[in-house]
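Presented below is the structure to which this report refers.
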Amino acid sequence: MAEASFDPSKAFTATLPYQLCINGKISTQPPTFYYQARTFDFGAAAPFINPKTGVNDPYLIQAWNPMSAKHENYYGSGHPYAIPAGGFPDHIEKRLDPIIDPANPNAPKETVLMIRTVKGDGVPKPGNGVTVGDPVRSQLVSYPIPPRTHARWDLNVAFGDGGKSEDSKNAWIVTQYSDTHPLLFWQLKTAAQGSPPLSAIVDTDPDPQNPGKLALTFWRTTGPKIDNKVPSEKLLVVKNISPGTYIPITIEAFLDERDTTPAATVPPTPAGKGRIRIAAGGQTVDFIGPTLARGDLEHSMDIGAYAYFDKSAAADYKSEYTRATFWKAARMVVYPKPSSDTRSFAAACAGQ
């Protein structure tokens with residue numbers, strides 16, 4: 001019955017008790033959730049505060065606050081720094097879509113999620129606790145995602161708006177590739193590993209045949225460590241992306257930290273089922289292998305604008321460019337387990 005009633009366009013909602021299978025162990029999450037359901041749908045007009053529950057669906061939003069001259073986080077309901085209904089002014093907001101569709105220039109404007117870093121972000125004030133080297137970022141972070149599940153992310157994102165917005169800030173300045181300014185716009189992240197297990201960045205297209213264009217690169221960094229570093233590998237590169245153009249992206253994965261061959265342990269560690277398929281810009285990739293960081297780790301989904309190379313090199317540092325992302329869609333879907341799988345949650349988590 002669950003398969004027949006499943007709506008693949010409906011975002012995943014974590015309901016209580018929310019149990020995660022983390023590295024074969026069950027973790028129950030009610031304290032993190034403030035005893036409310038959370039829906040993993042953040043793009044378009046989806047409000048920051050869910051009107052059905054009265055609480056925030058994102059776990060936190062973070063951006064540079066020019067008034068305090070440092071990055072600030074806003075968390076869930078009940079926290080002293082709760083997420084405002086209007087988002088983070090000038091950085092993370094719901095706005096009417098500034099991008100004009102050439103095929104339908106008079107179409108009614110839709111509401112989209114804007115997440116951007118702004119030129120001038122990053123200038124600290126003496127004594128405010130800002131660490132030199134802090135990257136410029138504006139991000140929306142989800143509550144923990146459910147491992148050992150079949151999940152999909154439906155994204156539809158544009159980078160810049162062609163310079164047509166009302167505040168004239170959002171034109172994407174395409175720099176020379178030698179003067180690279182990469183921006184991470186999607187990731188699965190765990191605090192215990194510096195590099196995200198799965199991520200996507202946008203940067204200048206390195207192909208000289210594509211001047212003024214951008215390229216998307218999807219990365220996998222799941223371990224194990226080699227010489228105390230977790231090696232990264234490119235899963236997919238999509239070139240010739242025009243700024244100010246929406247790019248539908250589908251990322252479908254079975255989330256599993258285990259290797260896909262049984263480990264020689266006693267008793268034997270079951271083989272993992274990790275797999276990821278990415279479709280973007282008319283290209284696809286299908287990879288089999290671990291899709292999460294190894295260990296007893298929670299993962300979350302982050303979207304937005306993380307300019308990880310744009311760091312403070314001096315006390316008077318400031319970011320050189322505004323990097324605006326616009327999101328028509330940013331949702332996570334979780335597929336129900338097959339009706340033929342009659343195992344309990346505990347048995348399925350243990351991989352038996």
Side-chain angles (χ1 to χ4, degrees), residues 135 137 139 145 151-159 172 174-190 192-243 245 247-261 272-294 297 299-311 323 325 330 332:
R137 68 177 75 201
Q139 291 178 291
I145 62 173
R152 188 185 74 226
W153 288 268
D154 295 323
L155 314 174
N156 195 354
V157 58
F159 305 101
W172 193 283
V174 180
T175 60
Q176 295 292 323
Y177 186 68
S178 58
D179 180 29
T180 184
H181 289 267
L183 190 87
L184 185 148
F185 65 91
W186 177 88
Q187 65 176 334
L188 296 190
K189 175 68 174 173
T190 178
Q193 177 176 297
S195 299
L198 298 174
S199 62
I201 69 167
V202 59
D203 199 357
T204 300
D205 191 330
D207 191 334
Q209 301 299 315
N210 300 325
K213 297 297 182 74
L214 303 171
L216 312 182
T217 305
F218 297 84
W219 292 88
R220 171 183 169 270
T221 310
T222 60
K225 288 185 177 181
I226 299 176
D227 295 331
N228 207 35
K229 294 182 179 180
V230 181
S232 299
E233 62 179 313
K234 293 180 182 179
L235 293 173
L236 181 67
V237 178
V238 182
K239 297 182 179 181
N240 202 27
I241 301 295
S242 296
T245 301
I247 309 298
I249 300 170
T250 300
I251 303 170
E252 188 168 350
F254 188 85
L255 302 173
D256 200 326
E257 76 288 345
R258 299 170 295 179
D259 287 315
T260 50
T261 55
K273 301 177 182 177
R275 185 170 186 173
I276 182 170
R277 298 187 185 100
I278 303 171
Q283 298 186 49
T284 60
V285 66
D286 192 337
F287 173 86
I288 295 176
T291 49
L292 296 176
R294 297 162 192 252
L297 307 175
H299 293 72
S300 62
M301 178 191 78
D302 300 8
I303 60 171
Y306 177 25
Y308 53 90
F309 275 6
D310 291 354
K311 301 179 181 180
R323 293 305 194 209
T325 63
M332 185 179 80

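Put simply, the side chain of R220 gets close to the backbone of P290: a donor and an acceptor are under 3.5 Å apart. S232 places no side-chain N or O within donor-acceptor distance of the main-chain N or O of T221, the cut-off being under 3.5 Å. Looking at D205, its side chain does come within 3.5 Å of a backbone N or O of N240 through a donor-acceptor pair. In this structure, the side chain of T217 does not engage the main chain of I201 through any donor-acceptor pair within 3.5 Å.
A salt bridge is defined here as a Lys NZ or Arg NE, NH1 or NH2 lying under 4.0 Å from an Asp or Glu carboxylate O, and D256 with R275 fails to meet this definition.
Note that CG of D154 is 9.5 Å distant from CG of N156, once rounded to the nearest 0.5 Å. Summarising the geometry, atom OG belonging to S242 is positioned 12.0 Å from atom CZ belonging to F159; distances are rounded to the nearest 0.5 Å. How far CE of M332 is from CD1 of I303: 12.5 Å, rounded to the nearest 0.5 Å. Atoms NZ and CZ, from K234 and F218 in turn, are 13.0 Å apart once rounded to the nearest 0.5 Å. To the nearest 0.5 angstrom, L188 atom CG is 7.5 Å from I251 atom CD1. Considering OG1 of T204 and CG of L214, their distance stands at 6.5 Å, rounded to 0.5 Å.
Taking each heavy atom of A293 and T190 in turn, the nearest pair found is CB-CG2, 3.8 Å. Taking each heavy atom of Q139 and Q187 in turn, the nearest pair found is NE2-NE2, 3.4 Å. Contact between P243 and G212 at its shortest, heavy atoms only, is CD-O, 3.6 Å. Looking at every heavy atom in both residues, R323 comes nearest to H181 through NH2-CB, 4.1 Å. For the residue pair V238 and G281, the shortest heavy atom distance occurs at CG1-CA, 3.9 Å. Taking every heavy atom of both residues into account, L184 and P196 meet most closely at CD1-CG, 4.2 Å.
Looking at W186 and L198, their side chains come closer than 4.5 Å, going by heavy atoms from C-beta outward. Here the side chains of L183 and T325 are in contact, with some heavy-atom distance below 4.5 Å. The shortest distance between side-chain heavy atoms of S300 and D302 falls below 4.5 Å. Residues I241 and L216 have side chains in contact (heavy-atom distance under 4.5 Å, counting atoms from C-beta outward).
Crowding of K213 atom NZ: a count of heavy atoms from other residues, nucleotides or ligands under 6.0 Å exceeding 12. Applying the 6.0 Å contact sphere to CD of E233 captures more than 12 heavy atoms from other residues, nucleotides or ligands.
In terms of the salt bridge (Lys or Arg N to Asp or Glu O under 4.0 Å) criterion, D203 has no residue partners (sequence neighbours excluded).
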For this session: Please lay out, stage by stage, how T250 and R152 fare under the test side chain to side chain contact (heavy atoms under 4.5 Å, CB included).
Result: CA-CA 7 Å; T250 300; R152 188 185 74 226; 3.6 Å; yes
